[in-house]
Each structure stands twice: as structure tokens, then as C-alpha cells.
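Quick one: structure below, then a few questions.
Lettering of chains follows the sequences in order, A, B, ..., and the numbering in each one begins at 1.
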There are 2 protein chains.
Amino acid sequence: MNRLMGEKIVLDIMPDRARNPVTTSRKTIRILEKLYDLEGARVTELADALGMNKSTVHNHLSTLEAEEIVIRDGNEYDIGLRLLEFGGYARDNHLLSRVGASEIERLANRTGELVNVVVEEFGKGVYIACEKGDRAVELNQYPGYRRPLHVTASGKAILAHMPDDRIDEIVDRHGIEPATENSITDRSELEDELRRVDERGFALDDEESVPGLRCVGASILDSSGAVIGAISVSAPTSRITEAQFRDEIPDAVRSTANVIELNINY
Amino acid sequence: MNRLMGEKIVLDIMPDRARNPVTTSRKTIRILEKLYDLEGARVTELADALGMNKSTVHNHLSTLEAEEIVIRDGNEYDIGLRLLEFGGYARDNHLLSRVGASEIERLANRTGELVNVVVEEFGKGVYIACEKGDRAVELNQYPGYRRPLHVTASGKAILAHMPDDRIDEIVDRHGIEPATENSITDRSELEDELRRVDERGFALDDEESVPGLRCVGASILDSSGAVIGAISVSAPTSRITEAQFRDEIPDAVRSTANVIELNINY
DNA sequence: ACATCTGTTCTGAGATAATGAACAGACTTA
DNA sequence: TAAGTCTGTTCATTATCTCAGAACAGATGT
């Protein structure tokens, strides 16, 4: 009974639109998501975690395996590389992934730190390229990784160039959940911060996303002034000085962002 | 008698196929595949191409959009970045993607050409990392891209280290379709070639995959001698000399492959 | 202005996904 | 060694949900 209720709620809360949702495919997606969360799992484990029937999960998994989307090692299932074909295509389609990738490599070499290219999709920040300098921090930020916009430097750089109604939409959809004790937690605080970002021309993340990590982000605009995405540099707080965080790195980031803009627009 | 035989064959042939396929989810996957093939499409276009009803496609697409898997621009649908999250995770999980990525950068700088890391999955070669040297050819080979094993240098390097019954499985599943006029077209030819690859210690692709393109591949083995994947260098035929193709590049590729093996196994 | 596209909504009928029991095999524990 | 408890898988039935087709409105093009 509890399980049924749980499932019902999930299905009811879902998307605002989609008048004719294909619930079976949604169930398949739920399974993939959980497989992702758990970093691989077995049939019963998934069924329990999702409140689904064992045989239901089995049917979906065996279908996904036949479609080469899911791999299995013994009885352990995990997501395979097939979806990388689709996702890699989507990434390659993006303006920023082609032009951005080569430019951030230079920035990574110059700063020695981790550099990311981020674009917005469905109100979230999606990392589409990452380049490591020789002393870059090790984070599990692979292309495809997603983070809320309001807790990252790149995300705030993107938000700062969005019309207010768009920001409203995003806040309505995802809320303003803090990620660390430094995170922004409410709407007015966010507005103040975005105004500062706009004035300075770059965004800062002072351990607002990951404890001990500081990031500097700058937006990338198309010729009409609309924001396409952002780049950011991430470095451990312990390593960089205040001057680097507030001046040197921002200059380097903005400079690279400008080069990317020029490449895209001309 | 015939029925029994037929049934037996079916049961034997599809031990890896789903016995309880969730056809609805399969239909969703067909739609994603077609969207990928067409590089974006509209409802009617997809319905026609897939032989499905318009409203059926509409239902699936609106569900996928609500799930943030598909994006739309007006009435044009396309695959979004969501699947890159799953695919990027799968890629990041692979041993070779972490260790391989940093090493092939050096090889790309040294040769100036395009360098790829390839692993096998479901009998196909999957590119999980690509690095471009300063004069690298422009191919649309992004991470996630898939090619048949028998037409590429990396693929042949992988096949050469597989047990015969595994090769049989793969040939049964995918056939030996040629990609260019130089491609291998039958089983015995493939066997001869794999023997040569094994003797030499590297694989060559002399315009067997893409006209005008030559590639050199070398396998990467784990400590037990099982093949994990391969790396390859791709260059235009017009640019490289015979000596480079047969000696210099193979030496560089094997050297890098060795370094990767050492990093993985120790 | 018309004609022909399009995407979307709606409803019934038919297909099928979900269910829970039952089974066999693996593994743990006694 | 044997009992006991896991597991994944199969199966048949029922309730559910997908699918098709007609109908609509809006866009597009003639």
C-alpha cells in the first residue's frame, strides 16, 4: 500500500505538460535513473528502491539489455555506452562544445586548474566539456554532469544574463536548495548576487557548491546578446590567494570567454 | 517437425534477447534512434519514417520532453543533453577513459593527428575518447560514436585478442559489411588479417573505413591478457608517407599503448 | 481566399504491461 | 552435508494503458 502510494505520487507530481504520458517508457527512465544513482544494481535492489515489482523490473532490464542500453555482469546491471552515442551527438551539436573545447585547453594549461564549459538545459547547468590543468582538482565532473545553476560560478554567470521571467520559471521548477553552508538560499539573495555578477562581468563561487572549492565563471553570449553558456575555472581554496581569486583568474577567464565569443560570432 | 526445429533455433539464437520485451519502451528507443539518424525531426516526419501513427509519436515525444530527454525548437524535436549524463557516467566508469585520456593527449601532440580510444561493447567499437593534434583531420567522431570492429584499426586490434568463439558471435550478430572498397568482406580474409595483426603487434586500416584515411591501432590488455580496448591514430593518406604509416606511427602508438597498460595494471 | 499542410486532443477497442505465485539455482548457515 | 533463504526468472491472468483514427485548429503556402 505504501509502495503504491509512493509510486502514485511520483507519477502525479511529474511534469507540468505531457497530456498523454507514456507511463511505460517513464518507468523505463525511472529504472535508468536509479541505475545511475546506485552506480549499478541488481533486479531486486532496483525493485525495492523504486517500489516496483521484481518481474516488472526484470522485463524492463532485459529489454534494455537486448537494446544494448544496459550491460550486465553476472546479475549486476549497469548503464552501458549506448546512451553516450545519443548524448555525445547532442553535445557535439552544441556550438560551445566545438569552439569551447579547444580554447579551454589553453586556459587549463595557463592556470593549471580545472576548466569547464557549461550550458543551460531545462533550467540546469550541464557540463559539456572539461579540461584539466597539471594540478587540477579531481572532481567527478564528466561531460553530461548536471548541477543547479544557482550554486555554481558558471551557473550564476548564465543566470545573470537571463530575463527575469525565465529565472522565475527555473526557480519555480527547481527551487533554491543550498549545496553547502555558503550557498545562496533565497530569491532576493540570488537577485543581489546576479546584479553583482552583471556589474563585475564575472561570477564567483566561494565554496557555495563544494566545500573547499572556489570557482570563477564568465558567460558567453551570441551576437544578439543572448547567453549560450559559460566557462569556469575551479581551484581549491587552500591553493589560490585572494588576489588570484578576485583578479588574476577572473581576467584569464573573461579573456578566454571573449575569444570563444569571437570565434562563435564571426 | 518444422515447427519444433524452428522453435529450437529461435531459442538457441536468442539467448541474449529479451523473452518479455517491453514493446512500448522499444518504440521509444526506435524514436530516439530515428531522431539521431535524422539529426532532429518533426512529428510527422518521424511517424512516416518509422511507420508509426502520428499521435503515437506525439505521445512518446511529449513524454520524452517532459522527462527532459528530448528538446524542441518550435516543432522540431532533437535529442537533448540528458542522455549525456547517463552516457558520460558509463564512459567515466571505464578504466580506459580515465587513464587513456591523458596519455593520448601526448600522442596527439607528438603526431599532430587524431587519436582515439576505443572499447568493445555488444560487438561494436565505441569511441570513448578523442584527442586532436594540431593538424588532425575533422571527422565527426565524438565520444560515443560506434563503428563495426572489422573496418577499423582499433577494432581489428581488439578482435585480434579475442577468442575465436567470441569473434564468431560478433560476426554472426553484425556480419562483415564493407565500408569502403578496401574493407574486409569475408571471414577467412578477416582471420588472415587478424593473424597478421597479432604477429606485428599493431593493426592497420588502409582506407578500409573512410576513403582517404589511414589508421594505426594497438590493443590494450589487462594483466590477465584480456583485451580492454585499443587506441588508434588517424591521418589522411595524402599526408603520411609509407614509412610513417608502417613504422613511425606504429612505434608511437605501441609505445603509448604500453604506457597505458602499465598505468592500468600497476 | 482557399487548400493543404501541420501538431494536438479525444475516445473506444484492442493489445500488453504488471502482477504475484511458483520454480530452480546460488549462496549462506546450521 | 543438508536445510534454509536468498536470488533471477517464467508463466498465466487481469486490469491497464497504449495505440489508432477521426476531428480540430492553427500555421503555411499557393
Checking B:R166 now: which residues fulfil salt bridge (charged side-chain N to carboxylate O under 4.0 Å, His left out) with it, not counting sequence neighbours?
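Per chain and number, B:R166 pairs via salt bridge (charged side-chain N to carboxylate O under 4.0 Å, His left out) with B:E120, B:E169.
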Rounded off to whole Å, could you give me the CD-to-P distance for the A:E76 and D:dT7 pair?
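Distance, rounded to whole Å: 13 Å.
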A:E138: partners by salt bridge (charged side-chain N to carboxylate O under 4.0 Å, His left out), with sequence neighbours left out
A:K132
Going by number, which of residues 27-41 of chain B have a non-hydrogen atom under 4.0 Å from DNA chain C?
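Those residues whose heavy atoms fall under 4.0 Å from DNA chain C, taken from residues 27-41 of chain B, amount to none.
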With sequence neighbours excluded, tell me which residues meet side-chain contact (heavy atoms from CB on, under 4.5 Å) with A:A179.
A:R147, A:V151, A:S183
Closer than 4.0 Å, any side-chain N/O of A:N53 to the OP1 or OP2 of C:dA18?
no
Counting only side-chain N and O atoms of A:H60, is one of them less than 4.0 Å from OP1 or OP2 of C:dA18?
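For A:H60, the contact criterion (side-chain N or O under 4.0 Å from OP1 or OP2 of C:dA18) is met.
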To the nearest angstrom, how far is B:M52 atom CE from C:dT8 atom P?
17 Å
Contact under 4.0 Å: B:N59 side-chain N or O vs D:dT18 OP1/OP2:
no
What nucleic acid atoms does B:T24 come within less than 4.0 Å of, heavy atoms only: base, sugar-phosphate, or nothing?
sugar-phosphate
My understanding is that only residues two or more places apart in sequence, or in another chain, count here; which of them pass salt bridge (charged side-chain N to carboxylate O under 4.0 Å, His left out) with A:E33?
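Counting only residues at least two positions away or on another chain, A:E33 forms a salt bridge (charged side-chain N to carboxylate O under 4.0 Å, His left out) with A:R30, B:R82.
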Tell me the interatomic distance from A:N75, atom CG, to C:dA24, atom C1', rounded to whole angstroms.
13 Å
Taking side-chain contact (heavy atoms from CB on, under 4.5 Å) as the definition, give me every residue that meets it alongside B:I71, ordered by chain and number, with sequence neighbours left out.
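If we apply the side-chain contact (heavy atoms from CB on, under 4.5 Å) test to B:I71, skipping adjacent residues, the hits are A:E121, A:F122, B:D78.
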Nearest listed nucleotide, side chain of B:T23, among D:dG21, C:dT16, D:dT9:
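Selected nucleotide: C:dT16.
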A:K54 NZ to C:dA22 C1', straight-line distance once rounded to whole Å
10 Å
In terms of ring plane angle, is the pair A:Y142 and B:Y89 parallel, tilted or perpendicular, where the classes change at 30° and 60°?
tilted
Within the modelled atom types, does a donor on one side and an acceptor on the other bring the side chain of B:S55 and the base of D:dA20 under 3.5 Å apart?
yes
Closest contact, heavy atoms only, B:I31 versus B:V57:
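So the minimum-distance heavy-atom pair works out to CD1-CA, 4.2 Å.
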How many Å lie between NE2 on B:H58 and P on C:dC5, as a whole number?
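Going from B:H58 (NE2) to C:dC5 (P), I get 21 Å.
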Please state how far atom CD in B:E45 lies from atom P in C:dC5, giving the value in whole angstrom units.
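Spelled out: CD on B:E45 to P on C:dC5 is 15 Å.
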Tell me the interatomic distance from B:D48, atom CG, to C:dC5, atom P, rounded to whole angstroms.
11 Å
Taking CZ from A:R72 and C1' from D:dT7, how many angstroms apart are they, rounded to a whole number?
12 Å
